[in-house]
Structures are given as C-alpha cells and as structure tokens.
Amino acid sequence: MHILFEPGFFSSSPVRTAVVMGAVTAIVSAIVGVFTVVRSQSFAGHALTDVATTGGSGAFFYGLSPLVGFIGAGVIGAGAMDLIGVQRARSRDLATGIVLGAATGLAALFLFLDTTKSATTGATQQILFGSIFTINPRVIPIAIFLSGVTLLLVGVIYRPLLLNSLNADLASARGIGVRTVGLLFMFALAVSVALSSIAIGSILSTALLIGPAAAALRVTRTIGAAMVVACILGVATTWLGILLSYDSYYWVSSGQGLPVSFFIVSIALLLYLVSGLPVIRRVVETGKLGTVA
Amino acid sequence: MSEVPVLEVDNVSLSFSGRRILDGVSFEIHRGEFTGLIGSNGVGKTTLLRIVLGLQRPGAGEIRVLGLPLSRHSRSLGYVPQKVVLDPDVPLRARDLVALGLDAHRYGFGRRTKQQRELVDKILCDVDAEHFANSRVGSLSGGEQQRVLIAHALVSQPKLLLLDEPLANLDPKSVQEIVALLHRVSSDHDVAILLSAHEMNALLPVMDRIVYLTEGRAASGTTEEVVRSDVLSKLYGHHVDVLKLHGRVLVVAEPGAEAGDIPDHPTLTVS
Ligand SMILES: Nc1ncnc2c1ncn2[C@@H]1O[C@H](COP(=O)(O)OP(=O)(O)OP(=O)(O)O)[C@@H](O)[C@H]1O
Ligand SMILES: [Mg+2]
C-alpha cells in the first residue's frame, strides 16, 4: 500500500479538497472539451485561459477571490470574441487572436502589480500554475454549483450545438440559431476554463480541456461514448496527478512536492499519444469500445 | 390543379453589390413533383435555394411554402447543401446524423423514442445506406455521404426536398444511382424535389419540370416546353439550337455567340 500511497494521503484535508476539485474540474473539462475539439475551438479555449489569467490576476490585485476574476473575465472575453468574430471560421480565428493579445497584455500588467504588492512570486505561481492543494474548501460548493450549471447548459443545447458543430448550413436549415448556440457554448467554455484555472493553473488548463477529450474522440464511435470516456480519462488523470504530486514530496530531498499541474499535463499528453497507437485504433475499428454509450 | 402548390416563387429578385443575380424569377412546384433547377456556375442556383429556405432575404418578391409566407423555421423543407465537409475525426455514425434531422432543433433533454429510432432505420434503408449506418460518417465516400445527407433531410418528413448540386463530384454510375434513388424516394415519401445541377441530361428521365436559369432570368415548365430552341434563345438573348440525340439534349450556341453561359456543354459521348 505504501508503495502507491504515501503516509497521510487519505487523512490530509488539502488532499481531500484537491481530489474533489480535481474530479469536478476534470468532468466539466471533458464534456466541454469534446465539443471544443469537434468545433476546432482549442485556440479559443486557450485564449479564454489567458483572458481568465487577466481576471484572476486582476482579482488578486484588488483582493477579490480569483474564482470571481477567472469567471468574470472569461465570460466577458467569450462575449468579446463573439462580437468581433462573425460566423466564419477565419474571422473567428482572428477575433480569438485579438482578444488573446489584449488579455495577455493586461495579465502581464496585473501579474507585475501582484508581485510588487505581495513582494513574492507566489501570486504569479498560483495563478499561472494552479494551487489545487491550497484551495479554500469553501470554494468547493461554488465550484460544484458552477459545474452543474455548465453541464446543464451543455445538455440543454446538446443537439443544436452538435449539428451546428458538424455543419453550420445544415443547422441553419433546421432553423437553429447558429449564433446563439455558438455564444452559449462559449460561456460554457469560459466557466470550464475558469474552474480548471483554479485547479491546475490558467496556462495549463487547455491540456485538461483538450487532452482527455481528444484521446476519447479517437477511440470511440459516438459523441456520447466520447464524453463518457473523456470523463473517465480526465478524472483518472487528475487523481493520478494529485497522487504523484503528493508522493513526490517524499522523493526529493528539497522538502517540496513537484507541481500537480506538471503530472496532470504529462499524463494527458501520454494518454493522447497512446490513443493514437495502431493497436488501439484496431480495437476501435473492430468495434469493441464503440458500444460504450 | 386546385391543391395549393408546395412552393411558390413569386417574382424574386436579388442584387449583390449592384450586380443583379436574380431578376424576377417565378415558378411553382406542386406536390410530389421532381423539378430540376438548371444553370451554369455562378448563375444563382445556390442563392435561389437559400432564398427558398429563408437563409437569404430576397431584394424583392415572395416565397410561399404550402400557401403560407415563409417562416424561417419551416419544417416542411429538407435541405442538402452544395458542399458539406464532414470531419473524419469526429465520432459520429451515419445513423446519428440522420437522427439529428429529426430533433436537432430541439433544446433540452430527452431520449429518442423507439418509434423515432425505427423511422431512422427505415429511412436509412430507403436510401440504401443500411450497410454503412454504423460507420463514421466523415470517412464514408462522397456518394455514401450524399445518401446519408439525403436521409438526414428526409427523416423529418418534409413536403419539399431541396438538393444543391447533389450530383457534382459523383461518377456517372453514382449519378444514375442517386437520381434513381431520388425518383423512388419522391414517390414513396410523397415529397417534391427541387434539385440544382449544371447538367440536365442525367435528370431527363425523371424530371417532371425544369427551371432553366440564365443571367438572372428563369424559364420554367416541362422539359418539352422549356428545352426548345425558341424558348432558350429568348432566355439567352441570342440564338441557340437544341439538339436531341440518343435521348440526350445538347444546347448549342450559334458560332460566334458567347458559349460560356450554356450549362450543357455539348459532348459527343454516346451513352
Ligand atoms: N453573399 C454574397 N455576396 C456577394 N455575392 C454573392 C454572395 N453569394 C453569392 N454571390 C454571387 O452571386 C452569384 C451566384 O452565386 P451562386 O452561388 O448562387 O451560384 P450557383 O449557381 O450556385 O453556382 P455554382 O454552380 O458554382 O454552385 C455569384 O456570382 C456569386 O459570386
Ligand atoms: Mg451553387
């Protein structure tokens, strides 16, 4: 037992908070991530994390909860991208780039101010790379509530969003408000990104958004199955990351564990690479995983 | 005919940045009819179909579907767009795309009923797509995807099916198969069809009516009424000859006239 779980893993309250927060984040990221990959909006997802960074660092500077900053900025950023970008993929890409640039500039300013204010690099570290072990347990109910709302939103727009993601012409011919559905999804994306910014940091949250979803999309035959598999992969990745990070405290003599984010991102990358192996592809083609619904 | 037409296109005109694309186009489609919308590239076929769907506002004129002014959410129309690119990396089976034709406009939760699933199966059979119903739709061939898209448009049981160049990019054998399939589906499902193409020959055996579009103007009627030297000459504004050969039609411009606007470039292939 001790080979896997170092002493105190289960009795530590920061670990319990991290395990819950990690699971919640991973599930929302997985569901939203599947649509993000299908809609080729990884870049928008990544831009929203930078926007969230701006909000998080700004909130820190003004002494507000980073969660408020992450989400507020994310939602505003999503709206801004929708306003600038019309429906075409090309201008959507452009709009993303513009918002991304503006947000990163502001983030640089706030992070600078945060550092001078608190006279440490702790704030920067926390905002960019997350702080899953130091999350205030009071954040958990809020995070669970926001996740629920986001999942509900994605559930409600599921079918219009899916057809719209496959082909905008088919969707508008069915009378679907392509613009509305796209904007609602951007809001879901913003909240999902804000949650993972808190857990694993804003610059790494794209990895949790895209990694498990992209791997799941490779090995499944329906969108529903992809979502289930992405959730399983996402939660497993986060929990394993937390475990390894906790254990790593005992590996190095510096008396400090290695960052959770590092482990999560590495595992996510590994999963994606494995999902592309010919062996796995063959299993999918012969239909073994296809019936997961 | 006393029944209301499925579609009335009434004096529709449209200009894009000063350029007249459609100039007083009028025609009707009646229940169960197969109509070919024929015209060369850039003549405005896609634009006209988008106007009929309510996706594009006409500059002037009116569209009525089943006698009623077009509302944007009309469920009586099925549509297969001209170029549909389906990503092979998206895990979506052909049957999933067809099922979305039933309920993609619905928000909220809810499982598909047994009845709905059976309807999807039946439509897949009707378009001969049952043997690839469980394959990823993005990795199917062009002809196979065309069948799935037709099923997607058909499953909501529309009164009129609009197909934008469904025969482009298909080899002659697939063209014949799809045309025969559409003809069969049209009578089995009591659905009228408006199909755009730049080549009319493949459609001659099945077309009830033709809408011949050139330079923004349209002539419509049965093929006997429209595909005639005097009618088409008037439409083109210069003399053209219509030759009928081995059951095929060749539209030929007189020497010296601009031949580029003639959709059926004469070919000497004998089929
Ligand atoms: N949104 C738009 N803005 C400006 N011009 C347009 C627009 N849409 C279409 N056009 C122009 O209208 C004309 C008709 O286009 P349309 O796509 O309807 O032709 P088409 O008959 O479908 O051609 P094809 O056979 O190549 O598909 C073209 O010259 C095109 O450039
Ligand atoms: Mg066209």
Side-chain angles (χ1 to χ4, degrees), chain A residues 34-40 87 89 151-178 180-181 184 213-230 275-276 281 284-287 289-293, chain B residues 46 49-50 52-56 70-112 133-139 145 148-149 152-153 155-156 158 161-164:
Chain A
V34 164
F35 272 117
T36 309
V37 176
V38 169
R39 293 171 66 77
S40 311
Q87 278 133 331
L151 292 180
L152 199 67
L153 174 63
V154 175
V156 165
I157 63 173
Y158 183 87
R159 285 173 294 197
L161 180 64
L162 180 56
L163 187 61
N164 179 20
S165 310
L166 299 170
N167 186 285
D169 275 338
L170 289 178
S172 36
R174 292 266 118 234
I176 294 168
V178 171
T180 313
V181 169
L184 288 175
L217 283 165
R218 275 178 162 182
V219 300
T220 48
R221 290 209 293 179
T222 68
I223 297 286
M227 287 182 164
V228 172
V229 173
S275 72
R281 301 227 124 171
V284 177
E285 266 145 38
T286 53
L289 263 173
T291 44
V292 180
Chain B
T46 298
L49 293 179
R50 289 178 59 85
V52 169
L53 279 160
L55 300 178
Q56 168 82 53
L70 186 73
S71 68
R72 205 174 168 285
H73 301 277
S74 176
R75 283 286 125 52
S76 332
L77 305 177
Y79 178 45
V80 178
Q82 183 167 5
K83 283 168 290 198
V84 178
V85 181
L86 296 166
D87 189 345
D89 291 336
V90 174
L92 188 87
R93 298 166 304 176
R95 67 168 65 254
D96 300 327
L97 182 58
V98 175
L100 281 174
L102 269 181
D103 54 16
H105 56 281
R106 292 237 175 85
Y107 289 85
F109 300 86
R111 290 186 76 80
R112 289 177 184 129
N134 291 326
S135 305
R136 267 198 191 196
V137 68
S139 30
Q145 285 189 2
V148 177
L149 288 168
H152 167 88
V155 74
S156 57
L161 202 53
L162 305 164
L163 301 124
D164 199 357

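Numbers restart at 1 for each chain; the letters A, B, ... are given by sequence-line order, proteins then strands.
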Under a 4.5 Å heavy-atom cutoff, which of B:L86, B:V90, B:D89, B:D87 has the most pairs with chain A?
B:V90
With distance as the sole test, does A:R159 use its side chain to make a donor-acceptor pair with the main-chain N or O of B:G108 at under 3.5 Å?
yes
Residue B:V85 versus chain A: region with a heavy atom under 4.5 Å:
backbone
Give a yes or no answer on whether the side chain of A:N167 reaches the backbone of A:L170 with a donor-acceptor pair at less than 3.5 Å.
yes
Let me know if B:S156 has heavy atoms under 4.5 Å from chain A in its side chain, its backbone, both or neither.
side chain
Under 4.5 Å from a heavy atom of chain A, the part of B:A153 involved
backbone
Test: B:D164 and B:R50 ion pair at under 4.0 Å
no
Do A:L166 and B:H152 have side chains that approach each other closer than 4.5 Å (heavy atoms only, starting at C-beta)?
no
Highest number of heavy-atom pairs under 4.5 Å with chain A among B:L100, B:V80, B:L162 belongs to B:L100
Before we go on, tell me: are the rings of A:Y158 and B:F109 under 6.0 Å apart, centre to centre?
no
Do you know the tightest heavy-atom contact between A:V34 and A:I223?
CG1-CG2, 4.2 Å
What part of B:L97 gets closer than 4.5 Å to chain A, counting heavy atoms only: side chain, backbone, both or neither?
side chain
Considering only heavy atoms, which portion of A:L152 lies under 4.5 Å from any heavy atom of chain B: side chain, backbone, both, or neither?
both
